[in-house]
Every structure is written in structure tokens, then in C-alpha cells.
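Report on the structure given below.
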2 protein chains.
Amino acid sequence: MSATLHRLGASRTPSLDPMLALTAHDMNLVNQTILARMQSDIPLIPELAGHLIAGGGKRMRPMLTLASARLLDYSGTRHHRLAAAVEFIHTATLLHDDVVDSSDLRRGRRTANIIWGNPASVLVGDFLFSRSFELMVEDGSLKVLKILSNASAVIAEGEVNQLTAVRRIDLDEQRYLDIIGAKTAALFAAACRIAAVVAERPEAEEASLDAYGRNLGVAFQLVDDALDYVSDAGTMGKDAGDDFREGKVTLPIILAHARADAEGRRFWKDAVEGRRDSDADFAEAVARIRDTRALDDTLARARHYGQRAVDAIGPFAGGAAKDAMVEAVEFAIARAY
Amino acid sequence: MSATLHRLGASRTPSLDPMLALTAHDMNLVNQTILARMQSDIPLIPELAGHLIAGGGKRMRPMLTLASARLLDYSGTRHHRLAAAVEFIHTATLLHDDVVDSSDLRRGRRTANIIWGNPASVLVGDFLFSRSFELMVEDGSLKVLKILSNASAVIAEGEVNQLTAVRRIDLDEQRYLDIIGAKTAALFAAACRIAAVVAERPEAEEASLDAYGRNLGVAFQLVDDALDYVSDAGTMGKDAGDDFREGKVTLPIILAHARADAEGRRFWKDAVEGRRDSDADFAEAVARIRDTRALDDTLARARHYGQRAVDAIGPFAGGAAKDAMVEAVEFAIARAY
């Protein structure tokens with residue numbers, strides 16, 4: 001490892017393209033595994049799973065496994081199967097999330113629960129989750145199994161934590177960070193860490209890649225949550241204001257509420273508890289978030305975690321993989337501007 | 001192994017008590033693991049999971065792991081953790097099943113989805129499923145992991161298969177057997193098989209225990225399905241007629257439909273498709289099932305699989321464990337009389 005210095009905030013517009021190019025060949029092989037292993041004699045399973053899997057996702061998590069393996073100059077093929085397992089865990093989580101949230105739109109398309117119903121989404125999610133463990137067992141590393149089974153339990157805990165926090169204006173920043181650390185960052189971290197396991201690198205490198213993924217995951221989710229107050233359906237595949245109307249307390253609301261006067265706090269309490277969900281109410285929410293600089297500071301928090309992600313891989317040798325991983329962080333944050 | 005001959009149909013009333021007594025000490029240790037490992041910092045998780053886990057289930061599947069280990073004179077402790085993992089898989093499946101079926105009653109108590117809602121049931125199910133894999137990883141046997149991850153995938157496939165067959169009068173006996181083989185018998189088989197893995201027995205003994213569990217599972221499910229046409233809420237924890245009113249096509253209906261005249265077939269098609277769901281319709285269904293001997297022959301099928309279960313463990317040495325395992329099969333079948 002040789003130290004290099006990367007600072008966020010380069011002038012050009014950052015892009016995910018370098019990481020996509022870096023991992024394109026490997027991703028083809030991962031996609032073959034994904035397609036082969038979502039098959040079943042029960043036609044509804046590949047039909048429903050394929051809708052989501054072929055539905056234009058960025059494959060961010062398996063891509064992180066592949067990029068991390070490139071960073072370590074890993075020359076084997078074990079990571080292809082494991083990257084598919086990671087994507088299956090993620091897909092299962094999305095299927096169940098959309099049932100839990102009663103979502104009707106994801107990545108700009110109708111959700112599986114709307115097309116095939118909640119029961120099918122729950123059960124096909126269970127199938128993909130089981131299949132992901134079968135893939136891991138075929139690989140045969142108990143260490144990888146431990147990392148990913150733990151990540152799965154943490155994700156489920158985070159989802160339950162989020163569920164019990166919904167419509168509660170007393171959710172504070174730390175609990176919010178706990179939730180996104182579990183429901184989003186844990187799988188980002190695991191996806192990166194397992195590359196170090198298959199490459200048989202020392203524990204310190206595992207920890208560095210874990211930290212890169214974890215901090216990127218937190219930054220990624222913070223920006224997603226910010227985008228709900230600036231984006232529209234065209235750029236995100238979900239409508240701006242969705243979180244607001246569902247009473248989801250995310251960092252923009254937590255900060256705006258904490259900085260508000262008594263009248264502002266009443267507005268946020270009413271909004272989160274479902275008594276303010278018109279378009280005019282959402283416009284007022286956006287204005288209040290702007291006036292309290294809550295959006296700017298949510299993004300400042302995201303940059304903080306992004307910088308930590310970049311610094312976590314600082315010790316690794318420079319090159320195309322490292323450059324792509326740094327730019328992926330910059331891209332994750334720049335989405336909001 | 002020394003061969004002994006067991007035939008079903010002894011005169012006394014068979015009981016699960018010998019198996020309960022055989023496994024009581026071990027089951028205490030399994031229960032401690034279950035209680036310890038369903039804990040979480042998120043209070044809703046142990047609260048919801050505890051409702052079902054403490055809700056008076058027979059712990060049939062972990063009991064089969066423990067009884068099988070006794071049959072093999074296994075003297076270690078690994079099976080305690082693995083039996084807990086088996087119960088967690090089963091509990092996760094029940095939580096998701098009740099969401100899928102919109103059930104409101106299980107084992108005579110209100111279901112978790114009614115008390116805490118579908119989202120919580122889906123997510124706590126996911127948590128228990130992840131936790132079961134963590135327990136298996138702690139045990140460290142890739143062979144056990146393979147058996148149980150495969151069983152989990154097969155269960156989910158079976159559930160989807162059943163979902164796509166609901167309200168379809170053209171479901172035939174073979175597809176019905178495929179469904180119950182996957183959704184019920186696969187975990188019974190795996191629960192028994194893993195005992196042979198931890199006891200480091202040859203493949204043939206693994207296969208024998210797998211066959212015992214699988215055939216018992218099919219018999220068990222056949223009797224459950226028959227009980228829907230003879231039982232009441234007091235004996236089963238669910239109401240007689242539940243399957244009928246949900247349009248679930250089980251073997252009693254398949255046989256009654258196959259043996260009916262044109263008018264009878266019209267009745268069954270109407271019933272399964274939801275146009276016959278009054279108490280009078282259910283009484284007519286019970287009469288038609290009786291008149292076609294569909295219930296008797298469903299139970300005859302159950303006895304066939306029960307006999308296969310008993311014969312599968314024929315080669316093992318006789319003793320308290322084997323006697324208890326034979327009587328458990330007799331008990332499973334006698335429930336319907």
C-alpha cells in the first residue's frame with residue numbers, strides 16, 4: 001500500500017462511468033450468474049424477480065465487490081458468484097421494502113407488489129434470499145457467510161427500527177444514522193469487505209474496504225434522502241415528496257425541526273403525523289428546509305462520510321480501480337447538485 | 001443398524017409424549033438458545049417473535065433434530081444450536097405465511113400480522129431467517145449450511161407454487177404433493193438429516209433420516225389438510241373450513257372433485273373460485289367429501305407416507321429413540337380420528 005491524497009470536490013462533474021468501465025467484463029459474468037440462479041420450475045419466480053433485476057438498477061453493491069477485487073488485483077473468479085449473492089440479498093430487501101412501504105413506483109417502473117401482489121413479492125424475496133445463501137455455500141467460505149449473514153440480520157433490524165420510527169418527530173440524528181447505517185451501509189460495507197476475504201488479504205485491508213463501503217453507504221443514503229426534497233420522478237425513479245407524504249423522518253426534517261421556532265415545530269409534527277400532506281404543504285416543507293439550511297447541511301454531512309470513504313482506501317496503491325472508487329463517491333454526492 | 005419391524009396401527013392411542021420426554025432436556029437448552037438469539041436492541045423484534053415462539057407450538061422440527069440425534073447416540077451439543085436455527089427458519093416462514101394468507105388466527109391466538117401489521121411481520125421474519133443463518137455459520141458446517149439453505153429455497157418455491165395454484169380446481173394430486181413436499185416436508189427432512197451430519201454418520205444414514213422426516217412431513221400435512229374438514233377451532237387453533245373458504249385446493253377437494261359427477265364438479269369449481277363460502281356451502285362440502293370417501297382416502301394416503309417414514313428408520317437399532325420416532329408418526333396420523 002502506498003499513500004495518496006484524494007480530496008472531494010474536483011471541478012469536473014464526477015461520473016460512475018469509470019467504475020462501470022472497470023467492472024464491465026466481470027459484471028457480465030455476474031449477470032449471467034444472476035440470470036441463471038433466479039430460475040425456477042415455478043414460472044412466477046423468474047418473472048417477478050426478473051422485473052426488478054432487469055429493471056435498470058445500477059448494480060451498485062455487486063459493482064463494489066468487483067471494484068474492490070480490482071483494487072486488490074484479485075485474479076480469481078470467486079467474487080462473481082459472491083457479487084451475485086450480494087445482489088440477491090439486495091433484491092430480496094427491495095421486494096420486501098416495497099411491500100412494507102406499499103410503494104407503487106421504483107426506478108420509474110411499477111413495483112412488483114403492485115403488479116403481482118404483496119404475497120408473491122414476500123415469497124419471491126424469501127426465495128432470492130435463500131438462493132443467495134446457496135451461492136455463498138457453493139463458494140464455501142465461512143468467513144464470507146459470516147459477513148453476509150450478519151449484514152442480513154443487521155439490515156432486517158434496521159428496517160424494523162425504521163418501521164417503529166415512522167411518523168415520529170422525536171427521531172433524532174443518532175437514531176437516524178443507526179437506521180441508515182443498518183439498512184443501507186451494512187450491505188455496502190459487506191460487499192466491499194468480502195473482496196478482501198476472497199483475495200486473502202490481511203484483516204486491516206478488510207477493515208479499510210469495510211469502512212469505504214460503510215461510509216459510502218451512509219453518504220449515498222443521506223443524498224437519497226435529500227433528493228426527496230429537490231428531485232422529481234424523472235431523475236430518481238420515485239417522486240419528490242414521497243418520504244414527506246409517508247411521514248418518513250429523514251435528516252432534512254430532523255435538522256429543519258431542530259432549528260425551527262415553536263410554530264415551525266408544530267408544522268413538522270403535523271406533517272410527520274400525516275396532517276399536512278398536500279402539494280402546498282410539501283412546498284412549504286421544501287421552503288422551511290431551505291430557510292433552515294437543512295438541505296445544505298444534510299449534504300455537508302454526506303460529504304463528511306464521503307471524505308471518510310475516500311480516506312479509508314487512501315493506503316491502497318493508486319491506479320484505475322482506486323480512481324474509479326474515489327470518483328464513485330464524488331458521483332454519489334454530486335447527484336444532489 | 002439392526003432391522004426391526006414396525007407396523008402402523010397399534011391398538012392404544014398413540015402420543016407425542018415419548019418424543020417429548022426423550023428430548024425434554026435437550027429442548028430446554030434449545031429454548032435457551034432460541035430466547036437468547038431472538039433478542040435485539042429493537043424491542044419490537046423480541047416482542048413480535050416471542051408472541052409466535054412462545055405461542056404454544058409443538059417445536060416439532062427442532063424436536064425431530066433432537067430425536068434423530070438421540071437415535072444416533074450423538075453425545076455432543078452442536079445440535080442444540082442447529083435445532084434453534086431450524087425453528088427460526090420455521091418461525092420466519094410462519095410469519096410470512098400469515099401475511100400471505102391474511103390469517104388472523106394461529107394455534108388459537110391472534111396472528112402477529114393482525115397485532116403488529118404486515119410490515120412488521122415481514123421484517124421480523126427476515127430477521128429470524130438471517131439469524132438462523134448466523135447460528136449455522138457459528139456451528140461452522142458447510143454441509144449443514146448447504147442442507148438448510150437448500151431447504152429454505154425449496155420452501156419458498158413451494159410457497160410460490162401454492163400461491164399460483166390458489167383457487168384453481170385443475171390442481172392435480174401430483175402438483176399438490178409437489179407443493180406440500182416443498183413447503184412442509186423439506187424442512188422436516190432437513191431437520192432430521194442434519195443430526196446425521198453432526199453425528200458424522202455415513203451418507204446412507206443421512207438419507208434414511210431424510211426419508212423419515214420427508215415422509216412424516218407429507219403425512220403430517222395431509223392430516224392437517226384433512227382436519228380442515230373435520231376439526232374445529234378448539235382442537236387445531238384454526239377454524240374448520242378455513243382452507244375451504246380461502247379456496248385452497250387440498251387433497252380432500254382434489255379427490256372429491258375427481259370422483260364427482262358433472263353437478264358435483266360444478267359445486268367444487270364454484271367453491272374453489274369463491275362463489276360458495278357460506279356455512280351451508282361448507283356443510284355441503286363436508287358431505288360431498290364424505291360421500292366420495294375423499295377424506296378416508298386422504299388419510300389412507302397419509303398412512304402410506306407414515307408407513308414409509310417408519311420403514312425408513314427400520315435399519316436403526318431399536319430403543320427409546322426409535323420407539324418415540326415411530327409413535328410420533330402414529331400420533332401425526334391419529335390426530336385425524
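Chain letters run A, B, ... following the sequence lines, proteins first and then strands; every chain starts at 1.
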Most chain A-contacting option - heavy-atom pairs closer than 4.5 Å, from B:D41, B:L48, B:V160, B:D97: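 Of the candidates given, the most pairs with chain A belong to B:V160.
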Determine the minimum heavy-atom distance between B:I45 and A:E157, stating which atoms define it.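 Minimum heavy-atom contact is CD1-CG, 3.6 Å.
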Any side-chain donor paired with an acceptor under 3.5 Å for A:E134 and B:S149? no
Residue part contacting chain B, namely of A:T164, when any heavy atom lies under 4.5 Å: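 Contact with chain B is through the side chain of A:T164 alone.
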With a 4.5 angstrom heavy-atom cut-off, is it the side chain or the backbone of B:L163 that approaches chain A, or both, or neither?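 Only the side chain of B:L163 comes within 4.5 Å of chain A.
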Rounded to the nearest 0.5 Å, how far apart are NZ of A:K146 and CE of B:M136?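 The CE atom of B:M136 is 15.5 Å from NZ of A:K146, to the nearest 0.5 Å.
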Residue-level contacts of residues 111-127 of chain B with chain A, using a heavy-atom cutoff under 4.5 Å: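 Within residues 111-127 of chain B, the residues that come under 4.5 Å of chain A (heavy atoms only) are B:P119, B:A120, B:V122, B:L123, B:V124, B:D126, B:F127.
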Does the side-chain contact (heavy atoms from CB on, under 4.5 Å) test come out yes or no for A:F129 and B:S130, once each step is laid out? CA-CA 9 Å; A:F129 197 57; B:S130 302; 3.4 Å; yes
Could you tell me whether A:E203 atom CD has more than 12 heavy atoms of other residues or ligands within 6.0 Å of it? yes
Counting heavy-atom pairs closer than 4.5 Å to chain B, which one of A:V99, A:L145, A:T93 comes out on top? A:L145
